[in-house]
Amino acid sequence: MATTDRHADTWEYVTYAPAERHCSVCKRVVKPTEPVRRGMVERSSGPPVTVYRHANECPGL
């Protein structure tokens, strides 16, 4: 399932993502030391999905 910033209902807070999570904007794996924003995306076929994006600018963009 692909997600982007505009699909996130709300960004809850800045944190660190669990291992092997991808940024919802640049699609890169988030390093454990990179701060991210955590959000939730509603789905019609199941429970909401947690998404992460870089808290600042995505590296390399």
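Closest approach of Ala17 to Arg21, counting heavy atoms only: CB-CB, 4.0 Å. Across Val30 and His22, no two heavy atoms sit closer than the pair CG2-C, 4.0 Å. Across all their heavy atoms, Met40 and Val51 have their closest contact at N-CG2, 4.5 Å.
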Go through the steps to decide whether Val25 and His54 satisfy the test side chain to side chain contact (heavy atoms under 4.5 Å, CB included), and finish with yes or no. CA-CA 8 Å; Val25 175; His54 289 99; over 6 Å; no
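The shortest side-chain heavy-atom distance between Glu34 and Pro59 falls under the 4.5 Å cut-off. Taking 4.5 Å as the limit, some side-chain heavy atom of Thr15 sits within range of a side-chain heavy atom of Val36.
One distance of note links CZ of Arg28 with SG of Cys23; it measures 9.5 Å at 0.5 Å rounding.
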